[in-house]
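Remarks on the structure that follows.
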There are 4 protein chains.
Amino acid sequence: MSDHRGGPVRSEAARIAILDATARLFAARGYDHLTMEGIAAEAGVAKQTIYRWWPSKGALVSECLLAGRLMPERLVPPSTGDLRTDLVEWFTEIFSVMQRPDGEGLVLSLIAAATENVEIGKRLYESLGAASSLTERLQSAIGDGQLRVDAPLEEIGEALIGALLLRALSRNPSDLESVTRLIDALIRP
Amino acid sequence: MSDHRGGPVRSEAARIAILDATARLFAARGYDHLTMEGIAAEAGVAKQTIYRWWPSKGALVSECLLAGRLMPERLVPPSTGDLRTDLVEWFTEIFSVMQRPDGEGLVLSLIAAATENVEIGKRLYESLGAASSLTERLQSAIGDGQLRVDAPLEEIGEALIGALLLRALSRNPSDLESVTRLIDALIRP
Amino acid sequence: MSDHRGGPVRSEAARIAILDATARLFAARGYDHLTMEGIAAEAGVAKQTIYRWWPSKGALVSECLLAGRLMPERLVPPSTGDLRTDLVEWFTEIFSVMQRPDGEGLVLSLIAAATENVEIGKRLYESLGAASSLTERLQSAIGDGQLRVDAPLEEIGEALIGALLLRALSRNPSDLESVTRLIDALIRP
Amino acid sequence: MSDHRGGPVRSEAARIAILDATARLFAARGYDHLTMEGIAAEAGVAKQTIYRWWPSKGALVSECLLAGRLMPERLVPPSTGDLRTDLVEWFTEIFSVMQRPDGEGLVLSLIAAATENVEIGKRLYESLGAASSLTERLQSAIGDGQLRVDAPLEEIGEALIGALLLRALSRNPSDLESVTRLIDALIRP
DNA sequence: GCGTAAACGAGACGGTACGTCGTGTCTTGAT
DNA sequence: ATCAAGACACGACGTACCGTCTCGTTTACGC
């Protein structure tokens, strides 16, 4: 199958150590303070071993993101029956989960990473759960009759996540009322 | 009145040269490639002169942004009478205006700057015209009867700009149709 | 007799390829630019194969030197009958032969190698022909009556080669006159 | 006189610290183990500060050599009246002074440095005292009648230093007898 | 013939050092 | 007091080799 005729094989231990170190440092200090040297040291690995497999800091973070190492938990919208309440709760949770006392917020770090790295940008949308779980939740709301059958699910998701990013960038604290107003604007016919 | 006791006052020439250089380099190479040394050299100014008046690269860019040196032109939404068409055209124009062939796009650079600098984040929203001109356009649409009197203008603006940012980050080319769908989702509840 | 119980023996092809590659690269780029990785690549051989049989770069070069792979030709002093003329010519030839246009001179490379590696140091003297051919020539000069019977042949050789090295290190171009003066100082007491 | 119109000036403290560190590390570990990073660390200086003023390790060592920071003491030949005895003693002293238990010998390090750096090569000869003090000693021997008035002082010096280098490279321990024989070969008519 | 064990190519690995770039602070002499 | 110039300590960059270490493959002996 493969024409690899022997030779050493990529060290899985090193791979894991690097990704772990990346995730750990990313969470602890944010994307901007992430350095290849720091990762190498934290992972107990030679810098060259990183560069051998990843071209850049961005690629590393991108892979962590894809592997779900950067998100603290699954950000699935709740499904209590009332779409409005569910979305408000979900939005609020994302917002609160993604602030850390020490460094900059997780979202900000992700956005910073996305500006530098195409892959991260492409994955940002789906990583925030919009592509899958959010759309699912909206879909089921159509079943409930809480949304019109022709509701533009994708666009609602985009707008929601987009507003989230904008608020993160603006450092606007999102109180319950403003979140509710935003969501109403999107799902209220 | 003043307790300034001799010595030259702040050189206006230097101030202008620095802001000009910043804007020039920002436009040419993007926020990431912007360096204090580069700005100083481009402006024909000593580094210390920059640090004396601005605490950081971000502050510099922030001031440029506020002074309107970073935006190529006024991005005021057109006002032809049909809100939908106007918004689509406005959105499309922003999107197209803000790509540069060489480096990364202008929006991406602004977003990157915003992740690092609070001020820029706070100004990003209004700088993209949402705070003033966009809201005005929406307001006038209420007068037209194209929007309900209780339409949540602020939130529509947020969602619109937010979606714009998200698309910039995702590097999704926004074709006419997808833009239209997005705007429909927001103004045709 | 041997406790070798099967398995391939040392590959002569690899051995030759390695020594050839070493000599080739040494001649082309000098001792300083010689790298184990470069040799392995040039020889089409795994690095480990080199390390299996030679402990260091120096050992490799030392063996090349012993095998006569580094010297372009035999540097035997001529024997026209006049010792003085012969030595001048021999000295001059060594000097001129051992310059390469691109890198550093061959002698310099040998000296560099000798500073790092004891074996090369020990062999340097004889490799430059002093131990054998030069002493022979001096010996025959005693037969001619051109040198006293109790002339310190060994020491004359040392002084001659030593002066050669010093001039190589000093990058002093040796013109005919200065060479003649040096040799006169040694054989015309 | 100078057209230097203000601006910071080269830090003499840094310059001294760097040269001192270089000399210290050179003496302790030899030329091969000398690294720019090591020097910078030892001197408490940024690497860039070294590269700003010296292009290479060789240049640094060369300047130390010129400043007399590498030679443990003045290697002036004694002047007891008997040339032969004086030279033997001088030769022996140089030889013994320049062996250190830990690293490689000082001469070997100097030779290694000279192969890499032209300046060091040019200075090696005079640094070993040959150019000045040795020639002086020989000169005074002419006054004594211990050398012929037309004795080729320069060449004798070259041969002597050259032989010294060769012996250092060959790691030949120089016993009293062999040194005496060498010197006899050079100064005995 | 048939294991079996050394030698081989390939090349990944943890390291060390390289020479360069940008940071933010500082010092100097001129204006 | 502010300026242009630029040296400074610091931290990170991405690259080159080092010497060691697995991998599968390829022999050539001793049973």
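Worth knowing before you read on, the calculation uses all heavy atoms, side chains too, and leaves out hydrogens, waters and symmetry mates.
Residues passing the side chain to side chain donor-acceptor pair (under 3.5 Å) test with A:E42 are A:R24, sequence neighbours excluded. Contacts of B:S62 classified as side chain to side chain donor-acceptor pair (under 3.5 Å), with partners at least two apart in sequence or in another chain: B:R123. Under the side chain to side chain donor-acceptor pair (under 3.5 Å) criterion, C:R52 pairs with no residue at all, not counting sequence neighbours. Scored by the salt bridge (Lys or Arg N to Asp or Glu O under 4.0 Å) test, B:K47 finds B:E37 as partners (sequence neighbours excluded). The side chain to side chain donor-acceptor pair (under 3.5 Å) test applied to D:R69 returns D:D20, not counting sequence neighbours.
Stacking of C:K57 on the aromatic ring of C:Y31 is recorded, both the 6.0 Å distance cut-off and the 45° axial limit being met. Cation-pi geometry between D:R10 and D:W53 is met: under 6.0 angstrom from the ring centre, within 45 degrees of the axis.
As a whole-Å value, the separation of A:W54 CH2 from F:dG14 P is 15 Å. Between the CG atom of A:D32 and the P atom of E:dG22 there is a distance of 17 Å, given to the nearest Å. Rounded to an integer number of Å, the gap from OH of B:Y31 to C1' of E:dG22 is 14 Å. The separation between A:R52 atom CZ and F:dT15 atom P is 12 Å, rounded to whole Å. If you measure from atom CG of D:L25 to atom P of E:dA17, you get 11 Å, rounded to the nearest angstrom. Here the C1' atom of nucleotide E:dG22 and the CD atom of B:E116 are 13 Å apart, to the nearest Å. To the nearest angstrom, P of E:dC18 lies 7 Å from NZ of D:K57. Spacing between atom CD1 of B:I18 and atom P of F:dA5 amounts to 12 Å, rounded to whole angstrom units.
Distance from the side chain of A:P8 is smallest for E:dA10 among the nucleotides E:dG14, F:dC3, E:dA10.
Take the nearest nucleotide of DNA chain F for D:R15 and for A:M36: the residue whose nucleotide is more 5' is D:R15. Judged by closest nucleotide on DNA chain E, C:R10 is the one of B:T35 and C:R10 placed further toward the 5' end. Nearer the 5' end of DNA chain F, as judged by each residue's closest nucleotide, is the contact made by D:W53, out of D:W53 and A:E37.
Residues of residues 39-51 of chain D that place a heavy atom closer than 4.0 Å to DNA chain E, in numerical order, are D:K47, D:Q48, D:Y51.
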